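Everything below concerns the one structure shown next.
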Amino acid sequence: MTETLVAYDDVLASYDPAMGLEVHVELNTASKMFCGCPTEFGAEPNTQVCPTCLGLPGAMPVVNGKAVESAIRIGLALNCEIAEWCRFARKNYFYPDMPKNFQTSQYDEPICFDGWMDVDVDGETFRVEIERAHMEEDTGKSLHVGGATGRIHGADHSLVDYNRAGIPLIEIVTKPIVGAGEKAPLVARAYVAQLRDLIIALGVSDARMDQGSIRADVNLSLSAKGSGTLGTRTETKNVNSLRSVERAVRYEMSRHAAVLESGRTILQETRHWHEDTGVTTSGREKSDAEDYRYFPEPDLVPVAPSREWVEELRATLPENPTQKRARLQAEWGFSDLEMRDTVGAGALLIVEQTIAAGASPQAARKWWLGEMARRANEAGVEVGELGVTPVDVARVQVLVDEGKLNDKLARQVFDGLLAGEGTPDEIVAARGLAIVSDEGALSAAVDKAIADNPDVADKIRDGKVAAAGALIGAVMKEMRGQADAARVRELILEKLT
Ligand SMILES: [Zn+2]
């Protein structure tokens with residue numbers, strides 16, 4: 001079903017967007033939230049389960065202390081208050097991948113609340129207010145078999161894997177983000193990117209969007225421009241890349257406007273994001289909180305973190321992101337524009353890691369924002385998901401710095417890295433990419449180019465040094481690009497002037 005859409009500029013002429021982002025972070029604790037089952041990703045289905053996470057009668061949950069610690073550290077990093085006393089709550093609903101028929105979550109007593117994070121977009125700072133960050137458990141996973149789409153519709157049977165049931169999650173919920181205007185999609189993207197970098201810096205999760213260890217739900221509503229009210233919202237679930245966060249906001253803005261322009265009303269519902277087509281489709285009508293019949297979990301003791309413990313954890317926080325960006329910009333000598341582009345591309349952390357692995361700041365920026373960004377864009381993924389690591393990029397740059405590769409050859413090494421051909425050094429050896437440093441071979445190639453192009457050679461002898469470019473080109477072609485162009489130029493001028 002194709003929806004009518006309103007052009008983005010026309011949406012902005014008539015409406016103000018409001019967003020709300022709900023980000024689920026899967027913690028990297030060794031065991032689950034309420035039992036001792038292991039949490040490794042990718043195990044055989046239903047091998048990491050026990051009576052507690054299968055919800056068998058009489059099984060008693062116990063809170064994972066490490067997960068509480070991670071929750072508090074996330075909250076502190078987001079400038080939240082930490083509750084002195086809070087409880088878990090049962091969120092009651094039926095779903096086959098949730099064997100207890102309730103999810104153990106937190107309701108009106110979240111462990112972290114009232115925080116904020118400053119988000120940089122194109123040199124402008126937006127303060128995103130955090131309403132709460134609470135602890136809960138993940139559900140199992142259903143696999144729908146036999147249909148074309150992998151969804152339940154059209155499937156002939158479904159399988160359930162409970163390995164994920166009970167994995168600790170932190171859900172971070174923003175207050176409505178208003179006032180972003182045309183930058184709303186970029187603010188949403190930048191918020192999730194910065195949050196991901198913060199989670200990685202805290203070391204509390206793998207933070208892999210492609211594996212679902214960070215998942216974003218994007219709420220969006222439109223209101224008449226300048227009205228200051230909030231419209232009816234939709235919630236687009238499980239948006240699994242930064243690029244998709246931006247696209248989903250933009251798409252929903254255009255779709256909402258089309259619905260409103262046609263005189264219909266927006267249905268409060270969840271929607272599915274389709275990565276391949278870049279559209280959302282209707283999911284289910286959104287339940288209100290009262291439908292879940294929340295009540296305090298009777299089988300778990302309340303969580304009451306002492307103030308001393310909270311302060312100890314505060315002392316373990318990484319540098320705050322705003323200060324860190326300012327420090328890195330000064331250390332790297334980036335202009336405001338260079339820094340802005342790096343942050344905007346979601347590449348700050350990966351550039352930092354590449355510099356730490358031995359590349360110069362400008363080289364790290366050049367590769368990730370140029371060559372890697374182009375390839376990621378072609379593949380429709382984030383730069384961090386290309387399969388090329390910061391260590392690889394740094395090694396390639398070291399080879400360039402040592403005169404063993406030029407940029408053209410380096411790009412061929414990246415081809416090899418993307419094709420899974422091994423390390424940069426292995427690829428250089430296997431593909432025979434190293435620059436020829438044998439002066440005899442270079443000199444012979446220069447002599448041949450001079451002999452093949454006597455008129456060009458005469459111009460250079462007459463002092464038209466600019467003509468050397470044609471001979472350099474001929475030599476590079478002869479050497480299949482594996483020569484140092486600056487050295488070739490020197491040799492040509494030595495021979496002809
Ligand atoms: Zn278990």
Side-chain angles (χ1 to χ4, degrees), residues 22-75 86-107 109-112 133-145 157-172 199 202-209 211-215 237-238 240 292-305:
E22 296 172 17
V23 175
H24 286 89
V25 177
E26 206 172 86
L27 298 179
N28 59 3
T29 52
S31 58
K32 291 187 179 179
M33 189 76 215
F34 303 113
C35 63
C37 289
T39 54
E40 280 114 74
F41 184 79
E44 281 290 301
N46 298 310
T47 55
Q48 299 176 344
V49 291
C50 73
T52 299
C53 56
L54 286 176
L56 301 186
M60 290 295 277
V62 176
V63 175
N64 181 334
K66 190 73 187 170
V68 176
E69 178 185 303
S70 295
I72 294 172
R73 293 181 69 236
I74 289 171
C86 64
R87 286 175 295 188
F88 286 94
R90 291 189 179 184
K91 180 181 184 181
N92 298 282
Y93 62 104
F94 170 79
Y95 212 75
D97 60 16
M98 197 182 59
K100 297 187 293 187
N101 285 344
F102 62 84
Q103 180 186 28
T104 307
S105 181
Q106 292 194 288
Y107 180 46
E109 298 167 0
I111 187 159
C112 313
H134 68 252
M135 301 179 281
E136 60 184 33
E137 59 180 339
D138 211 341
T139 59
K141 233 181 198 170
S142 297
L143 183 67
H144 304 297
V145 185
H157 65 281
S158 298
L159 301 168
V160 190
D161 174 9
Y162 292 110
N163 283 352
R164 202 179 67 179
I167 299 257
L169 293 180
I170 305 299
E171 180 175 352
I172 301 158
I199 296 292
L202 285 164
V204 295
S205 168
D206 305 335
R208 291 277 302 263
M209 291 192 87
Q211 286 183 1
S213 52
I214 285 200
R215 313 195 279 272
K237 305 289 282 182
N238 291 338
N240 286 338
Y292 291 120
R293 306 289 297 199
Y294 281 97
F295 64 87
E297 167 58 59
D299 288 347
L300 287 166
V301 292
V303 177

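Only this structure's heavy atoms are used, side chains among them; waters, hydrogens and symmetry mates stay out. One-based numbering, in listed order, for ligands and for the atoms of each. Not measured: the values here are computed from a predicted model.
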Restricting to pairs with a member in residues 93-102, which pass side chain to side chain donor-acceptor pair (under 3.5 Å), not counting sequence neighbours? Lys100-Thr104, Lys100-Glu137

Using only heavy-atom distances, determine whether the side chains of Ser213 and Glu26 contain a donor-acceptor pair under 3.5 Å.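 Judged by distance alone, the side chains do not pair up.
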
Between His134 and Glu109, does any side-chain donor sit less than 3.5 Å from a side-chain acceptor?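 Checked: His134/Glu109 side chains show no N/O donor-acceptor pair below 3.5 Å.
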
Could you tell me how the ring of Tyr107 sits relative to the ring of Tyr294: parallel (under 30°), tilted (30 to 60°) or perpendicular (over 60°)?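 Correct class here is parallel.
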
Is any NZ, NE, NH1 or NH2 atom of the basic residue among Arg164 and Asp138 found under 4.0 Å from an Asp or Glu carboxylate oxygen of the other?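 Result for this pair is yes, salt bridge flagged.
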
Any idea how many protein N, O or S atoms are nearer than 2.8 Å to the Zn ion (ligand 1)? 4

Report yes or no: is the cationic atom of Arg90 (NZ for Lys, CZ for Arg) under 6.0 Å from the centre of the six-membered ring of Phe295, at an angle within 45° of the ring normal?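 Not satisfied by the 6.0 Å and 45° rule.
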
